[in-house]
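Structure first, then comments.
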Amino acid sequence: MKILIIGGGGREHAIALALSKSPRVDKLWCVPGNAGIASVAECFPEIKATNLESIVKLAESLKPDMVVAAPDDPLIMGITDMLEERGFRVFGPRKEAAIIEGSKEFAKKLMAKYGIPTAKYKSFTDYNAAVAYINANPAPIVVKADGPALGKGVTVAATREEAIDAVKAAMEDKVFGASGSCVVIEECLKGPEVSVLAFTDGKTVVPMVSSMDHKRAYDGDKGPNTGGMGTISPNPFYTDAVAAECMEKIFLPTVRAMNAEGRTFKGVLYFGLMITADGPKVIEYNCRFGDPETQVVLPRLDTDLCDVFDAVIDGRLSSLDIKWKKESAACVIVASGGYPKSYEKGKEIKGLDKVDADATVYHAGTAFKDGKLVTSGGRVLGVTCFGRDLDEALSKCYKNVDRITFDGAFYRKDIGKSARK
Ligand code: AMP
Ligand code: GLY
């Protein structure tokens, strides 16, 4: 079978590698892909993942048996609808369902309507009203741009001043463009965070193994929010009891709520959770695999990913027994100096040949230039290792990360620290 993957980051590299191991797959394409993905898939670097018209044309010429739409932007823009209308089998939610990530206001309203636990909130399209609300509520307080903002639209403000600055940046300075014309302001929750990615065909929901992301740029959870600087799986805060409560109060109610709204969700539904003193609450939904959660979750999958995608598309997920490896996994992201703010590209990457055979280096922002492997993004590489436990996985990761060098490279040295006993 022939599969076209849309996207070009570490997540898509992990998806491509998992699919490449399937005996059912004989051809992989990836648009745009990257220098790492190119080792398992034919890539189309000249077409952006948001150029939907060109992607549709590409699909029409390649005629894949399945298209896997991985990143948020094309899903939110409706790539699944466009491809399905032309008869393609697509893994990824339709536009009406992807809104669960596309609009934080939609997600908050959905949770309020269906009694799904989340932080208290109010949304605003008027700057003065938003400022008045902040002044009437205690800090810390959280400000979120309504629309997609590359994982950078959330400010956990320690003070009211900081919150007002965030509202000003979104609504007046328009740093997130149209995504910030509406802001959600919500109560600041406390507790460990857990990411749970779940396969769903709109009827059955099958959570994958849990993980923990590290969103802040620097050690000790300091610095600005990023797309994610490292992950571990499993997440020790996600106990069996918490998992059962999440299934009953969050996962199933969300899938049912989307059906009740006429927005059946098929694909990967990502639950960003906080385990508070009052139980688990939803921090965010994503309409796709997380990045870099995928880089620790999919390597633990012990079932053919192609079978899982087929079952979701065909609406027969309940008939599949999805298995997971027992080992722990960790992923440490190596980023370009300056990320998530401005950074330089084109730095030569060295040391990949010194990495151990049992470590996997997922490429996120890499390209070939004049025959050399160079940086081409903020998050450049993710090194994933397995271990009998988290400590072993992490020590293998860091041993290998230290062998990889490029000008300005940085990484967090405390991935998984809060999860270790
Ligand atoms: P998001 O982009 O929605 O995942 O938010 C980024 C990060 O901001 C989350 O991973 C949390 O660490 C933090 N965050 C978001 N909402 C809240 C909240 N209501 N209370 C505390 N922290 C939050
Ligand atoms: N790692 C968080 C996300 O994919 O949104």
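Every number for a ligand or one of its atoms is a count from 1 in the order of the listing. Predicted, not measured: the structure shown is a model, and the values here were computed from it.
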Are side-chain heavy atoms of [X] and [Y] found at a separation under 4.5 Å?
| X | Y | value |
| --- | --- | --- |
| Val380 | Ser336 | yes |
| Val242 | Phe237 | no |
| Lys325 | Pro299 | no |

I need the nearest protein heavy-atom contact for [atom]: residue, atom name and distance, please.
| atom | result |
| --- | --- |
| atom 17 (C) of ligand 1 | Ile283 CD1, 3.5 Å |
| atom 10 (O) of ligand 1 | Glu193 OE1, 2.6 Å |
| atom 2 (O) of ligand 1 | Val154 CG2, 3.3 Å |
| atom 20 (N) of ligand 1 | Leu189 N, 2.8 Å |
| atom 19 (N) of ligand 1 | Glu186 OE2, 2.7 Å |

> Out of Ile37, Val31, Leu19, Val40, which residue meets the side chain to side chain contact (heavy atoms under 4.5 Å, CB included) rule with Ile5?
Replying inline: Leu19

> Taking only residues at least two apart or on different chains, which pairs with a member in residues 183-222 satisfy ring pair (Phe, Tyr, Trp, His ring centres under 6.0 Å)?
Replying inline: none

Could you list the atoms of ligand 1 found under 4.0 angstrom from a heavy atom of [X]?
| X | value |
| --- | --- |
| Lys215 | 4 (O), 6 (C), 10 (O) |
| Glu284 | 1 (P), 2 (O), 3 (O), 4 (O) |
| Glu187 | 18 (C), 19 (N), 20 (N) |

> Just how far is it from atom CG of Leu305 to atom CG of Asp310, taken to the nearest 0.5 Å?
Replying inline: 10.0 Å

> What distance do Leu394 atom CG and Cys397 atom SG have between them, rounded to the nearest 0.5 Å?
Replying inline: 6.0 Å

>> Are Tyr285 and Tyr270 an aromatic pair, judged by ring center distance below 6.0 Å?
In response: no

> Within 45° of the ring axis of Phe106 and under 6.0 Å from its six-membered ring centre, is that where the NZ or CZ of Lys108 lies?
Replying inline: no

> Would Lys396 and Asp358 satisfy salt bridge (Lys or Arg N to Asp or Glu O under 4.0 Å), going step by step from the backbone distance to the final call?
Replying inline: CA-CA 9 Å; Lys396 281 195 199 167; Asp358 63 350; 3.3 Å; yes

> Among Val143, Val184, Val156, which one has a heavy atom closest to atom 14 (N) of ligand 1?
Replying inline: Val156

Table please: side-chain donor-acceptor pairs of residues 221-232 below 3.5 Å, with sequence neighbours left out.
residue, atom, partner, partner atom, Å
Asp221, OD1, Arg412, NH1, 3.2
Asp221, OD1, Arg412, NH2, 3.1
Asn225, ND2, Val154, O, 3.4
Thr226, OG1, Lys215, O, 2.7
Thr226, OG1, Gly228, N, 2.8
Thr231, OG1, Pro292, O, 2.9

Give a table of atom pairs where an N or O of ligand 2 lies under 3.5 Å from a protein N or O.
residue, atom, partner, partner atom, Å
ligand 2, 1 (N), Asp213, OD2, 2.8
ligand 2, 1 (N), Gly227, O, 3.2
ligand 2, 1 (N), Asp291, O, 2.9
ligand 2, 1 (N), Glu293, OE1, 2.8
ligand 2, 1 (N), Glu293, OE2, 3.4
ligand 2, 4 (O), Arg288, NH1, 3.0
ligand 2, 4 (O), Asp291, N, 2.9
ligand 2, 5 (O), Asn286, ND2, 3.1
ligand 2, 5 (O), Arg288, NH2, 2.9

Please state whether [X] comes within less than 4.0 angstrom of ligand 1, counting heavy atoms only.
| X | answer |
| --- | --- |
| Gly272 | no |
| Lys144 | yes |
| Lys104 | yes |

>> For Asp321, give me all partners under salt bridge (charged side-chain N to carboxylate O under 4.0 Å, His left out), at least two apart in sequence or on another chain.
In response: Lys323

> Considering only heavy atoms, does Ala119 approach ligand 1 within less than 4.0 Å through its side chain, its backbone, both, or neither?
Replying inline: side chain

